[in-house]
Amino acid sequence: TIPLKHGAHRIDKRTDSVMAKWRGYGLGQFIHWGLYAIPGGEWNGKTYNGAAEWIRSWNGIPKSTYDSLIYKFNPTKFNPESWAKTAKQMGAKYVTITTKHHDGFCLWPSKYTKYTVANSPYKKDIIGPLVNAYNKEGIDVILYFSIMDWNQPGWRYEIKTKEDSIAFEGFKKFTRNQLLELLNKYPTAKGLWFDGTWDKSWVKQAAFADELEKEMRALRPGLIIGSRFRPDDFGKRHNDSNGRLMGDYEQGWERKIPNKIEDVHGNDWDCVMTVPENQWGYNKAWNGHIKTVNELIEMTAKCVSLGGNFVLNFGPKGDGSIRKEEIDLAAGIGNWMRVNNEAIYNCQYAGLEKQDWGYFTGKTGSNKVYMIIFNVPVSGAFRVKLPAKTSITTASLLEQPNTTLKVEEISENQYFIHTSARADNKPFVIVLDLNKKAGNASGTYEKAK
Ligand SMILES: Cc1ccc([C@@H]2N[C@@H](C)[C@@H](O)[C@H]2O)cc1
């Protein structure tokens, strides 16, 4: 291995209880909200074709005009309790909230810049009431923070001159001040989700970022920090120059889901996903494919089956209301989660061979395995292949626990589970109680055989 001063400081997954709780969340909500929600991807009747939260980068609006949106921020319909209720009903166990996106507008009254809610017509803190409302619903909060800050005069894409490096030193101090401010103002926040760290200026800051990460962990023991915060000694991000993950979970699964367990390299991870193809902030047009409830349930199941969490994005409008399409998706997902969440919460990679009918999840620390069915085979029988010395004690429908299903042994370690045809074409769950005869690894099937 390459000797590194600022590479990964831990080899395997974290083993503490705070991270174990994060690992078991299964389903989360992402909230992208800020000034970009006011134009919503349109300006003077013209449509911005990029992601709505990047509209400031469009030459369709003068930068100063965008920046003066602060004077239009007055979300009269903002109701943090109703946002939290929507997330609760969906079955989200955590929420990731944009405290500051790339445009630099702070949803909390930061002491270190004027570009905050305090200097908008709304005046009040947004983050505090949101953290309290979600916590009251039993939902943990992760704070999204963009290092890149287009509003900060000290921000640089790269450091070329002496002036650049002096300016960027000031920017680094500002960044540290804001992060410590967030941790001190919102002590119940469980962790940080970083963005805006790909530019040349930041990838040179291995030592600074490493020191700051250590300082934040000391300030908030148990703090969960994503892999997109710091670069290593050679500017490598997410994984250091020895291929080891920096931070506590992989953040790179943005709008994409791993296909096999090897893709996750034994790391904790979450997948953050947009409802349209690529819109995080509120976008009026919402063109192209809008994901359906069944698609989103399948993405959730797929993520949990590979040991990750699925985090679905909501982009509230400039007035603080959540669009009907998102409310309806949350309700639809929630209807399914209310019946089937046992197959999602505190479940991990089951270590079984993937079958065409859907996804296996394994209950952490138990012999229960769930089959989340999306594709009913024309044979009507669901194939299950188990490791050696393992067999099925019982099989039942999660929604009707006392109905045992017929288990047909086909050959050593291979079975067909038979169920009667179903009236609706909604995903459903079969629960398997496995027993591992002597000589087989005890505990769950977390490690791939
Ligand atoms: C190229 C690119 C830069 C930034 C992003 C931001 N990360 C997502 C989580 C959103 O915040 C998006 O604006 C996406 C793509």
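First listed ligand is number 1; within each ligand, the first listed atom is number 1.
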field: Test: R10 and D248 ion pair at under 4.0 Å
entry: yes

field: Region of Y36 engaging ligand 1 - heavy atom pairs below 4.0 Å
entry: neither

message: When you compare the side chains of S241 and D232, does any donor N or O come within less than 3.5 Å of an acceptor on the partner?
response: yes

field: Atoms of ligand 1, numbered as shown, that sit under 4.0 Å from any heavy atom of W193
entry: 9 (C)

- prompt: Counting heavy atoms only, which of W280, F30, W198 is nearest atom 4 (C) of ligand 1?
  reply: W198

task: Within a distance under 4.0 Å of any heavy atom of E254, pick out the atoms of ligand 1 and give their elements.
output: 5 (C), 6 (C), 7 (N), 8 (C), 9 (C), 14 (C), 15 (C)

query: Between the side chains of H32 and T98, does any donor sit under 3.5 Å from an acceptor?
result: no

query: Can you find a non-hydrogen atom of F194 under 4.0 Å from ligand 1?
result: no

Salt-bridge criterion met for D140 and K93 (N-O under 4.0 Å): no

task: Nearest heavy atom to atom 9 (C) of ligand 1 wins, so pick from T98, N313, D195, T274.
output: D195

message: Which residue and atom name correspond to the protein heavy atom nearest atom 1 (C) of ligand 1, and how close is it?
response: W54 CZ2, 5.0 Å

message: Measuring from atom CD of E53 to atom CG of D103, what distance do you get when rounded to the nearest 0.5 angstrom?
response: 10.0 Å

- prompt: Are K317 and E326 ion-paired here, with the side-chain N under 4.0 Å from a carboxylate O?
  reply: no

message: Give me the residue, atom name and distance of the protein heavy atom closest to atom 13 (O) of ligand 1.
response: E53 OE2, 2.6 Å

